[in-house]
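By convention here, the first residue in the shown sequence is residue 1.
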Amino acid sequence: MCLAVPGKIVEISDDGMVRMAKLDFGGIQKQVCLAYLPDAVVGDYAIVHVGFAISRIDEASAQETLRHFRELGLLEEELGEIPDDEYAPPPPCPVTYQ
């Protein structure tokens with residue numbers, strides 16, 4: 001199965017060639033490419049498909065989608081790891097932007 005999974009951007013790096021980010025997917029963190037979201041910032045939620053962040057999503061929708069994926073057992077299948085049972089979502093980003 002190949003789903004698009006929402007995650008929270010927790011770190012951004014740029015080597016001058018490609019902008020990358022570490023995203024948190026309900027307790028599992030993965031590196032993804034930000035080429036399609038050049039103005040994304042830490043704290044944003046993004047939909048990721050095959051290693052690329054393809055669009056933004058609001059936090060409530062992201063958390064609800066992750067909860068459904070977790071309940072259906074799709075999160076570990078899609079990400080290849082089992083999330084931590086003690087996982088608590090990261091706090092909301094205090095940064096606001098227009």
Side-chain angles (χ1 to χ4, degrees):
M1 192 176 298
C2 193
L3 299 172
V5 179
K8 182 176 184 176
I9 298 173
V10 295
E11 183 180 306
I12 294 176
S13 61
D14 188 343
D15 67 0
M17 299 290 287
V18 65
R19 196 161 179 249
M20 299 292 290
K22 183 183 293 182
L23 269 69
D24 185 297
F25 300 94
I28 299 170
Q29 294 191 350
K30 299 276 186 180
Q31 287 287 122
V32 304
C33 180
L34 290 179
Y36 299 119
L37 293 178
D39 56 346
V41 297
V42 171
D44 282 351
Y45 281 82
I47 299 289
V48 176
H49 184 62
V50 293
F52 288 86
I54 55 175
S55 68
R56 282 200 183 87
I57 185 172
D58 65 86
E59 181 178 358
S61 298
Q63 294 297 340
E64 182 178 351
T65 302
L66 286 170
R67 182 177 56 80
H68 288 301
F69 282 6
R70 196 175 294 113
E71 288 172 358
L72 296 169
L74 297 174
L75 199 55
E76 63 250 24
E77 177 182 320
E78 194 62 32
L79 298 175
E81 296 181 36
I82 298 172
D84 185 355
D85 288 340
E86 302 296 322
Y87 174 76
C93 181
V95 177
T96 59
Y97 48 91
Q98 303 161 355

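- For the residue pair His49 and Ile54, the shortest heavy atom distance occurs at CB-CD1, 4.0 Å.
- Cluster annotation: Leu3 is connected to Val32 through the hydrophobic network of ILVMFWY side chains, with a link wherever side-chain heavy atoms come within less than 4.5 Å.
- Contact detail for Ala40 and Ile12: the closest heavy-atom pair is O-CD1, 3.5 Å.
- Residue Gln63 holds its CD atom at 9.5 Å from OG1 of Thr65, rounded to the nearest 0.5 Å.
- In the hydrophobic cluster analysis, where Ile, Leu, Val, Met, Phe, Trp and Tyr join through side-chain heavy atoms closer than 4.5 angstrom, Ile28 is grouped together with Val48.
- Here the closest non-hydrogen pair linking Tyr45 and Ala62 is CD2-CB, 3.4 Å.
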Step-by-step side-chain contact (heavy atoms from CB on, under 4.5 Å) determination, Leu34 to Ile9: CA-CA 10 Å; Leu34 290 179; Ile9 298 173; 4.2 Å; yes
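- When every heavy atom of Arg19 is checked against every heavy atom of Asp39, the shortest pair comes out as NH1-N, 4.0 Å.
- Residues Ile57 and Pro6 come closest through the heavy atom pair CG2-CB, 4.2 Å.
- Under the 4.5 Å side-chain contact rule for hydrophobic residues, Val18 and Leu23 do not share a cluster.
- Arg56 places no side-chain N or O within donor-acceptor distance of the main-chain N or O of Asp44, the cut-off being under 3.5 Å.
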Test log, rule side-chain contact (heavy atoms from CB on, under 4.5 Å), inputs Val5 and Leu66: CA-CA 8 Å; Val5 179; Leu66 286 170; 4.0 Å; yes
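- Linking Ile, Leu, Val, Met, Phe, Trp and Tyr whenever their side-chain heavy atoms come within less than 4.5 Å leaves Ile47 and Met20 in two separate clusters.
- Residues Ala53 and Tyr36 share a closest heavy-atom pair of O-CB, 3.5 Å.
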